[in-house]
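Being a predicted model, the structure only gives us computed values, none of them experimental. The figures here come from the full heavy-atom set of this structure, side chains too, leaving out hydrogens, waters and symmetry mates. Sequence positions, counted from 1, serve as the residue numbers for this chain. Every number for a ligand or one of its atoms is a count from 1 in the order of the listing.
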Amino acid sequence: MNLFTAAYFSLLDLRNRLDYYLRQHVHAPSRPVSVSRGSRPEILSAYPVDVRTRAGDEIARLCAAYHFESVETGFTERDLRENYFYLAMLDEAFRRSDAALPAEVTVADIGPSSWFYVQALFSAFTYFGTTRARAVNLTGFEVDAYRLYADFHTRRDHALANMRGLAGVEYVDHGFEPDPSAYDVITSFFPFVFEKDHLEWGLPRSLFNPRSLLNATLASLKPGGLLVIVNQGLKEHEEELRFLQEAGVSPKAAYKMESLLFSYPLDRYIITVKK
Ligand SMILES: C[S@@+](CC[C@H](N)C(=O)[O-])C[C@H]1O[C@@H](n2cnc3c(N)ncnc32)[C@H](O)[C@@H]1O
């Protein structure tokens, strides 16, 4: 690390320590975010013409398999498209890992942020490989739950609105902690792999420890449990694979996710691990 980068990181850390301390200790009281309950936004026209039919077929397949049409409305167009993409990511990760979920599944999601994708997560766990709804216990652990959004609601307020009364789902306002053999599945969408991204997101340096977070995650899986990690970009994916290698763990699957239903500036890469 050169001198300029070191100074930049130290400045970010200083600012983040102060901001984070204030957020954690003097955050506004919880206030419900109002969700519009209109009909579902039309999304197919958002896809380029050359993939629209394929995107429509894939959405229809996911809706049928995961009963996603019956999910309450209240999505923005972007949220709905991203929910389909997260559903597609989990569907493919489960299938590539030969996942067999128990009749009642216990799941942790690490770093849910505002949990705009919780409906997809819930549907994926409820219906993967079954037509009868299974019971889902889903906990989201968010280390920075009180970040204030432009509408003066906290991240947690938004997460609670996105959960929209799902039974068995909890949003916890602290970081993930090891809980030996507690979970059938743990998901981690875009964990910070590089310190720069962690600092630029607004977190203090002291909270950056991707290796120990990974070890805590692995220890918290039940025997036979499944870990699903999604990274953005090839560099993050390769670094994540290095962390796993250092931990002595071989992935069950590692691949680039096709961006048919949503595309981002950086491709999404998926790693699964079976304990
Ligand atoms: C890049 S964001 C990803 C947000 C979300 N999962 C998504 O798919 O868009 C990473 C999130 O992880 C949270 N985070 C970082 N370290 C954490 C930890 N040890 N435990 C729980 N959450 C953590 C951050 O506050 C942030 O909300």
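For ligand 1 and Ser113, the ligand atoms under 4.0 Å from any heavy atom of the residue are 4 (C), 27 (O). In the vicinity of Phe116, heavy-atom distances shorter than 4.0 Å reach the ligand 1 atoms 9 (O). Atoms of ligand 1 found under 4.0 Å from any heavy atom of Asp144 (numbered from 1 in listed order, with element): 25 (O). The Gly175 neighbourhood of ligand 1 comprises atoms 20 (N), 21 (C), with distances under 4.0 Å to a heavy atom of that residue.
Of all the heavy atoms in Arg78 and Tyr264, the pair that sits closest is NH2-CE2, 4.5 Å.
In the displayed structure, Tyr149 atom OH is contacted under 6.0 Å by more than 12 heavy atoms of other residues, nucleotides or ligands.
In this structure, atom 3 (C) of ligand 1 lies nearest to the protein heavy atom Phe189 O, 3.4 Å. Here the heavy atom of the protein found nearest to atom 26 (C) of ligand 1 is Trp201 NE1, 3.4 Å. From the protein, the heavy atom lying nearest to atom 1 (C) of ligand 1 is Phe190 O, 3.2 Å. When only non-hydrogen protein atoms are considered, atom 8 (O) of ligand 1 lies nearest to Tyr86 OH, 2.7 Å. Atom 20 (N) of ligand 1 has its closest protein heavy atom at Phe176 N, 3.0 Å. Summary of contacts: the protein heavy atom closest to atom 21 (C) of ligand 1 is Phe141 O, 3.0 Å. The nearest heavy-atom contact from the protein to atom 5 (C) of ligand 1 is Gly111 O, 3.3 Å. Shortest contact from atom 24 (C) of ligand 1 to any protein heavy atom: Glu142 OE2, 3.4 Å.
Linking ILVMFWY residues whenever their side-chain heavy atoms come closer than 4.5 Å, directly or via other members, places Leu87 and Ile59 in the same cluster.
Taking the ring centre of Tyr47 as origin, the terminal cationic atom of Arg81 falls inside the region bounded by 6.0 Å and 45° from the ring axis. Judged by the 6.0 Å distance and 45° axis criteria, Arg268 is not positioned over the aromatic ring of Phe262.
The backbone N or O of Ala120 sits less than 3.5 Å from a side-chain atom of Asn83, completing a donor-acceptor pair.
Looking at Val143, Asp173, Asp109, it is Val143 that brings a heavy atom closest to atom 18 (C) of ligand 1.
A salt bridge is defined here as a Lys NZ or Arg NE, NH1 or NH2 lying under 4.0 Å from an Asp or Glu carboxylate O, and Glu200 with Lys196 meets this definition.
At least one heavy atom of Tyr117 sits less than 4.0 Å from an atom of ligand 1.
The shortest side-chain heavy-atom distance between Asn137 and Val105 does not fall under the 4.5 Å cut-off.
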Using salt bridge (charged side-chain N to carboxylate O under 4.0 Å, His left out), reason through Glu58 and Arg54 one step at a time and then give a plain yes or no. CA-CA 6 Å; Glu58 176 64 349; Arg54 212 154 65 81; over 6 Å; no

